[in-house]
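Residue numbers begin at 1 in each chain, while the letters A, B, ... track the order of the sequences.
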Number of protein chains: 2
Amino acid sequence: MADTVSPITEACPIVEVLDHVAGKWSIGILVAAAHGPVRFTELEREVEGISRRMLTLTLRKLERDGLLVRTVYPTVPPRVEYTLTGIARELVQTLVGLTSWAEKHRGTIAAARRAYDTQRTPAGV
Amino acid sequence: MADTVSPITEACPIVEVLDHVAGKWSIGILVAAAHGPVRFTELEREVEGISRRMLTLTLRKLERDGLLVRTVYPTVPPRVEYTLTGIARELVQTLVGLTSWAEKHRGTIAAARRAYDTQRTPAGV
DNA sequence: CAGCATCCCGCGGGATACTG
DNA sequence: CAGTATCCCGCGGGATGCTG
């Protein structure tokens, strides 16, 4: 997404954000991890539908971006905890704005879609 | 992205937002169209790197979601203008928060990445 | 428990060519 | 000018199985 550097992507670092947050599961994980240190299996349960593979990959990505801290307790069986960093917490805060927008307009958008679809399919195709 | 309805996606309409805004070009187009009614070819130039195909597809999607209004002037040659709707304008406003976050922390994130990569590649692999 | 490795498939999206 | 249509490929991500 940030491969081609265009004037717009330069002026618009939103693209960068989306890169960190992209993928089907990043945000879900961030939100799920927001309520405190959380273990791998906890996340696997809370972020419903995620596969073990994608959980691992996404956690690594978030850790690499400095959004998550991974703490390993060398016990048997192993215990690993993930914690949001400060900037990740800020990010989650910021996402609340988006949430509000979505909640506020979800009805409007749904209606717009139906209108559009009805218009484009007048007869019962 | 919103196919499987999980407890989290229910409680977290961010997923919905991202669905409207998903894709490589949606946000770029919204931003480019924010400065007033804009024509197809204008967008093609301003959103650098976009193909005609993806421009069309993304415009249709945004129109369907009620984020963009498409106005056709039946002249020769044809003239088509795209305008942000109110909710799209609100959305763009909201995205500013994300922008700020990105600008504020881009350095930190870049550093985190380098640290992570260095750690995982100690010798000169 | 918390992973990593492998196989596999769908679809987002690029390149290209044609049209009202 | 503003699209549509077709072909094609990479990669995000699901399923499954193995390990320290």
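Applying the side-chain hydrogen bond (donor to acceptor under 3.5 Å, both in side chains) test to pairs two or more places apart or on separate chains, those with a residue in residues 30-42 of chain B are B:H35-B:E46. Within the structure, every pair that satisfies the ring pair (Phe, Tyr, Trp, His ring centres under 6.0 Å) test and touches residues 61-117 of chain A, not counting sequence neighbours, is listed here: A:W101-A:H105.
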Give the B/S/- string for nucleotides 2-15 of chain C, one per nucleotide from 5' to 3', where a protein heavy atom under 4.0 Å of the base yields B, of only the sugar-phosphate yields S, and otherwise -.
SBS-B------BBB

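How far NZ of A:K104 is from OG1 of B:T94: 8.5 Å, rounded to the nearest 0.5 Å. Separating the CG atom in A:L95 from the CD atom in A:E90 is a distance of 11.5 Å, to the nearest 0.5 Å.
The side chain to side chain contact (heavy atoms under 4.5 Å, CB included) test applied to B:P37 returns B:E81, B:T83, not counting sequence neighbours. With sequence neighbours excluded, no residue forms a ring-ring contact (aromatic ring centres under 6.0 Å, His included) with B:H20.
In terms of modelled atom types and a separation under 3.5 Å, the side chain of B:R89 and the main chain of B:L84 share a donor-acceptor contact. The backbone N or O of B:G66 sits less than 3.5 Å from a side-chain atom of B:T85, completing a donor-acceptor pair.
In this structure, the CD atom of A:E44 is 14 Å from the C1' atom of D:dT16, given to the nearest Å.
If one axis is set at each end of the helix from C:dC1-D:dG20 to C:dG20-D:dC1 from five pairs, those axes are 50° apart, to 10°.
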